[in-house]
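Since the structure comes first, as structure tokens, the remarks are kept for the end.
Keep in mind that this is a model prediction, so the values were computed, not measured.
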Amino acid sequence: MDRFEGRCWLDWWANFSTLLGSVEAGVVITAANAGWKIRGHLVSDSDEDRAAFAFLCDLDPVFSLRFEDESAVAVTVHPTDGHRRFNLIEYIGPVQRSVENRIAL
């Protein structure tokens with residue numbers, strides 16, 4: 001396969017049983033010298049979906065890229081265009097990562 005173009009979902013998991021967010025995305029995956037290259041965009045144009053996606057990216061940019069057949073791969077999201085578009089790279093770090101978020105009151 002040299003190219004895949006279709007709909008996928010970027011899922012953000014808090015732990016193995018808690019899915020905190022999922023956004024539908026249109027992606028284009030192409031073969032590259034060192035593996036593959038993925039670029040995509042959010043399917044939804046709503047400000048609410050984009051804000052939720054931006055919040056999760058800022059919290060931790062590692063998502064699970066899930067395909068229609070339910071297969072998935074861990075990716076790091078690199079947002080562009082005000083979190084409307086993004087580039088993805090395969091995440092090869094540890095399965096469990098700690099995330100810290102503080103809310104100033």
Among T76, V73, L65, whose side chain to side chain contact (heavy atoms under 4.5 Å, CB included) with E90 holds?
V73

F4 CZ to W36 CH2 distance, which is reported to the nearest 0.5 Å:
12.0 Å

Taken to the nearest 0.5 Å, the spacing of C8 SG from I29 CD1 works out to 5.5 Å

Atom CG of D69: over 12 foreign heavy atoms under 6.0 Å
yes

Spacing of W13 atom CH2 and F63 atom CZ [to the nearest 0.5 Å]:
13.0 Å

Can you tell me how far the OH atom of Y91 sits from the CG atom of D60, to the nearest 0.5 Å?
7.5 Å

Side-chain heavy atoms nearer than 4.5 Å, only ILVMFWY residues, links allowed to pass through others: does that put L59 and V77 together?
yes

What's the spacing between T80 OG1 and H41 NE2 if we round to 0.5 Å?
11.5 Å

For residues W9 and V28: do they belong to one hydrophobic cluster (side chain heavy atoms under 4.5 Å, members Ile, Leu, Val, Met, Phe, Trp, Tyr)?
no

Nearest 0.5 angstrom please: L56 CG to H83 NE2, how far?
9.5 Å

For D81, check side-chain contact (heavy atoms from CB on, under 4.5 Å) against everything at least two apart and list the hits.
R84, R85

Apply side-chain contact (heavy atoms from CB on, under 4.5 Å) to V23 and list each qualifying residue two or more places apart in sequence or on a separate chain.
L10, L42, F53

Closest approach of S44 and D49, non-hydrogen atoms and distance?
OG-OD2, 2.7 Å

Can you list every pair that meets salt bridge (charged side-chain N to carboxylate O under 4.0 Å, His left out) and has a residue in residues 14-40, with sequence neighbours left out?
R7-E24

For D47, check side-chain contact (heavy atoms from CB on, under 4.5 Å) against everything at least two apart and list the hits.
R50

The side-chain contact (heavy atoms from CB on, under 4.5 Å) partners of A14 (sequence neighbours excluded) come to W12, T18, L20

By salt bridge (Lys or Arg N to Asp or Glu O under 4.0 Å) - contacts of D11 (at least two apart):
R66

